[in-house]
Peer 1: 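Attaching a single structure in structure tokens format; questions to follow.
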Amino acid sequence: GIEHDEGPDIGGPYGPYTQSERLDLYRAAADRLLAQGDAYECWCSSARLDEVRADQQRRKVPPGYDRRCREEAGRAVARKEAEAEGRSCVVRFKTPLEGEVSFTDAIHGETTFNVATLDDFVMLKSDGFPTYHLAYIVDDEAMKITHVLRGDEWIPSAPRHMLIYRALGIEPPVIAHVPRVLGPDGAKLSKRHGATSVFEYRDQGYLPEALFNFLGLIGWSLDDKTEIISKAEFIEHFTLDRVVKNPAVFNVEKLQWMNGVYIREVVPAEELVTLFAERLERDLPASIARPLDRGLVARIAPLIRERIKVLSEVAEYCDFFFTDELHYSADELLGKAYRGRPAEAKRGLEEAASVAAEAAAWTHEGLEAAYRALAETLGAKAGDLFSLVRVAVTGKRVTPPLFESMEIVGRERCVARLRAAIEML
RNA sequence: GGCGCGUUCGUCUAGCGGCCCAGGACAUCGCCCUCUCAAGGCGGAGAUCGCGGGUUCGAAUCCCGCACGCGCUACCA
């Protein structure tokens, strides 16, 4: 539910938005830097670069480009080799050999780096495409971007960016490095932990609003107690200075709880009916005719909305409303209460069927009263009798409230199902 | 190897010098409610605020050092 204002897919006033269509812009910026003496062409082969790196590693020396092409002499040699081999060059930034760069991060505050630890990084690749460092700065300037928010793994690159901004005479935008979201094991989110894509959460039945709320509260908080917050409130209150600096572990259990809250308390009833109907049409056995009866779904919704946390649970909770094909065993039917006493169970079911057949009004209140009375005359515990009826009518031991369910299933089908249970015993 | 970032209950977080022998939420445990399951109500357990020094009458909050974790160190982003 996060919408962007412009982009390659929806257009906008600052296109083109595709990098391959903006190559001239990057080239122009690189040329300007070249002309100013803030950049130089590097003709070194990747094979040589690999060697240099391997050697540095061996000598336990900080890795980085050895600047052979930084001076005219070295560059001439490299160029000759390259041209003989038909290779072209890259453009590297000519990082000052000493001094400091500092910038203010909206979350981390003022940070200063010693430029001596920076090497001469590539800005324009030999295929004419820019690296991220050049690309985002050129694009953001052209597209009038005001804020750059990115993962904090980018912090070490920021001083390079400051050097480019300075050389290009661009006023840097607000920059903020946000902490990252980790998997339960403290490592970065990956397939191992299941869902790494928002679509997986959508498929499991998490609502966009809930996921938005949850993600919004990872690394940011409104105060010391707010947990449920709408997108509108979020937009109204969000400030970068309340973003935390430390990484967060993705707590799926809390997401689950929050999704449950949205299902039972936040999403409007009519909307929920649509959501449930769509989900049921997808999850219920193909043998059940589509489209599903929305009126029926609407009656069921209030019964299950407070018992599920994710939409994927809906079908297993209420399939018996849609089909008469119930699958349960005699063991399940008898349960603990009637184990070894099928005759008693049978008697109870027979009486229950009569009560159902003869009940004056087919309402859950009336049914409940009648069944409580029946339990008493049978000398059975109400709960035990109800469980018996529950399995007979729904095919399972865990269901929405029994009498409300029976009211919806209807008298005829309930009686038929009770008789089927008796038959089975 | 170098550079950088981070460190409050299991997890997400509040806290920005005294209101904190640290508050809320999820999870967990117990009780209540109850036709099952949930939901709900009440209550409990759970953090020597990474460690060690300072500064101060007073530090989770300020300063320094260390430890640990993570990141970056590509003609990737």
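Note on naming: letters A, B, ... go to the chains in the order of the sequence lines (proteins, then strands), and numbering restarts at 1 for each one. Just the heavy atoms: all of them, side chains too, but no hydrogens, waters or symmetry mates, feed the values below.
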Peer 1: What side-chain hydrogen bond (donor to acceptor under 3.5 Å, both in side chains) pairs are there with at least one residue in residues 75-90 of chain A, not counting sequence neighbours?
Peer 2: A/E72-A/R75, A/R79-A/E83, A/E85-A/R87

Peer 1: Under 3.5 Å, which N/O atoms of the protein pair with N/O atoms of nucleotides 35-44 of chain B?
Peer 2:
from  : atom 1 : to     : atom 2 : distance (Å)
B/C35 : OP1    : A/R372 : NH2    : 2.2
B/C35 : O2'    : A/R390 : NH2    : 3.2
B/C35 : O2     : A/R390 : NH2    : 2.5
B/C35 : N3     : A/L402 : N      : 3.3
B/U36 : O2'    : A/R397 : O      : 3.2
B/U36 : N1     : A/R390 : NH2    : 3.4
B/U36 : O2     : A/T399 : N      : 2.8
B/U36 : O2     : A/T399 : O      : 3.0
B/U36 : N3     : A/T399 : O      : 2.7
B/U36 : O4     : A/P401 : N      : 3.3
B/C37 : O2'    : A/Y317 : OH     : 3.4
B/C37 : O2     : A/R307 : NE     : 2.6
B/C37 : O2     : A/Y317 : OH     : 3.4
B/C37 : N3     : A/R307 : NE     : 3.3
B/C37 : N3     : A/R307 : NH2    : 2.5
B/C37 : N4     : A/R307 : NH2    : 3.2
B/A38 : O2'    : A/E306 : O      : 2.7
B/A38 : N1     : A/E306 : OE2    : 3.4
B/A38 : N3     : A/E306 : OE2    : 3.4
B/A39 : OP1    : A/K309 : NZ     : 3.4
B/A39 : O3'    : A/R264 : NH1    : 3.3

Peer 1: Between B/C70 and B/C32, how far apart are the P atoms? Round to whole Å, please.
Peer 2: 46 Å

Peer 1: Can you name the closest pair of heavy atoms from A/P16 and A/M143 and give their distance?
Peer 2: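 Distance-wise, the nearest heavy atoms are O-CE, 3.9 Å.
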
Peer 1: Rounding to a whole Å, what distance do you find between A/L182:CG and B/G71:C1'?
Peer 2: 11 Å

Peer 1: Do A/N259 and A/Y201 have side-chain atoms, one donor and one acceptor, less than 3.5 Å apart?
Peer 2: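 Note: A/N259 and A/Y201 side chains miss the donor-acceptor criterion.
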
Peer 1: Taking pairing as Watson-Crick or G-U wobble with both contacts under 3.5 Å, can you name the mate of B/C72, or confirm there isn't one?
Peer 2: B/G2

Peer 1: Using nucleotides 75-77 of chain B, report all nitrogen or oxygen pairs with the protein that are shorter than 3.5 Å.
Peer 2:
from  : atom 1 : to     : atom 2 : distance (Å)
B/C75 : O2     : A/S126 : N      : 2.9
B/C75 : O2     : A/S126 : OG     : 2.8
B/C75 : N3     : A/S126 : OG     : 3.1
B/C76 : OP2    : A/K125 : NZ     : 3.2
B/A77 : OP2    : A/Y132 : N      : 3.1

Peer 1: So, A/D324 and A/R413, do they make that salt bridge, N to O below 4.0 Å?
Peer 2: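 Looking at A/R413 together with A/D324, the answer is yes, because their closest N to O distance falls below 4.0 Å.
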
Peer 1: Show the distances under 3.5 angstrom between N or O atoms of the protein and N or O atoms of nucleotides 45-52 of chain B.
Peer 2:
none

Peer 1: Take atom C1' in B/A27 and the same atom in B/G10, then report the distance between them in whole Å.
Peer 2: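 B/A27 and B/G10 have their C1' atoms separated by 8 Å.
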
Peer 1: Would you mind listing every salt bridge (Lys or Arg N to Asp or Glu O under 4.0 Å) that reaches into residues 232-259 of chain A, with sequence neighbours excluded?
Peer 2: A/E227-A/K254

Peer 1: Considering only atom C1', compute the distance from B/U8 to B/A47 and round it to an integer number of Å.
Peer 2: 7 Å

Peer 1: Strictly by Watson-Crick or wobble contacts shorter than 3.5 Å, is anything paired with B/C19, and which nucleotide is it?
Peer 2: none

Peer 1: Can any side-chain N or O of A/R411 pair as donor or acceptor with the backbone N or O of A/A359 at less than 3.5 Å?
Peer 2: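 Present.
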
Peer 1: Scan every strand shown for a Watson-Crick or G-U wobble partner of B/U56, both distances under 3.5 Å, and answer none if you come up empty.
Peer 2: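 Across all strands, not a single nucleotide pairs with B/U56.
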
Peer 1: Given the C1' atoms of B/U55 and B/U28, what is the spacing between them in whole Å?
Peer 2: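 Going atom to atom, C1' in each nucleotide, I get 41 Å.
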
Peer 1: Compute whether any side-chain donor of one residue and acceptor of the other, for A/E100 and A/T112, lie under 3.5 angstrom apart.
Peer 2: no

Peer 1: Does A/S354 use its side chain to pair, donor to acceptor, with the backbone of A/E350 at less than 3.5 Å?
Peer 2: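 Between the backbone of A/E350 and the side chain of A/S354 there is a qualifying donor-acceptor contact (under 3.5 Å).
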
Peer 1: Tell me which nucleotide, if any, is Watson-Crick or G-U wobble paired with B/U28 when both distances must be under 3.5 Å.
Peer 2: B/G44

Peer 1: Between the side chains of A/Q36 and A/R32, does any donor sit under 3.5 Å from an acceptor?
Peer 2: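 Yes, a side-chain donor-acceptor pair sits under 3.5 Å.
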
Peer 1: Could you check how far CG of A/D119 sits from P of B/C72, rounded to whole Å?
Peer 2: 16 Å

Peer 1: How far does the P atom of B/G44 sit from the matching atom of B/U34, given to the nearest Å?
Peer 2: 24 Å

Peer 1: Checking salt bridge (charged side-chain N to carboxylate O under 4.0 Å, His left out) against A/D119, which of A/R92, A/R160, A/R67 comes through?
Peer 2: A/R160

Peer 1: When the C1' atoms of B/G65 and B/G24 are considered, how many whole Å apart are they?
Peer 2: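 Looking at atom C1' only, B/G65 and B/G24 are 34 Å apart.
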
Peer 1: Which whole number of Å gives the distance between the C1' atom of B/C19 and that of B/U61?
Peer 2: 14 Å

Peer 1: Using a 4.0 Å cut-off on protein heavy atoms (strictly under), produce a 5'-to-3' string for nucleotides 1-16 of chain B with B for base contact, S for backbone-only sugar-phosphate contact, and - for none.
Peer 2: BSSSSSSS--BBSSS-

Peer 1: For A/D55 and A/R58, run salt bridge (charged side-chain N to carboxylate O under 4.0 Å, His left out): C-alpha distance rounded to whole Å, both residues' side-chain angles, the deciding distance at 0.1 Å, then the answer.
Peer 2: CA-CA 5 Å; A/D55 180 58; A/R58 219 175 303 119; 3.3 Å; yes

Peer 1: Which base sits across from B/G65 as a Watson-Crick or G-U pair, both distances under 3.5 Å?
Peer 2: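 By the stated definition (distances under 3.5 Å), B/C51 pairs with B/G65.
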
Peer 1: Considering non-hydrogen atoms only, spot the tightest contact between A/L326 and A/T323 and give its length.
Peer 2: CD2-O, 4.0 Å

Peer 1: Mind checking the P distance from B/G41 to B/C33? Whole angstroms is fine.
Peer 2: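 Nearest-Å result for B/G41 against B/C33 at atom P: 16 Å.
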
Peer 1: What class does the angle between the rings of A/H133 and A/F121 fall in, given that below 30° is parallel, 30 to 60° is tilted and above 60° is perpendicular?
Peer 2: perpendicular

Peer 1: Is it true that the side chains of A/H108 and A/D152 contain a donor and an acceptor less than 3.5 Å apart?
Peer 2: no

Peer 1: If I compare all heavy atoms of A/P401 with all of A/L303, which pair ends up nearest, and what's the gap?
Peer 2: CD-CG, 4.3 Å

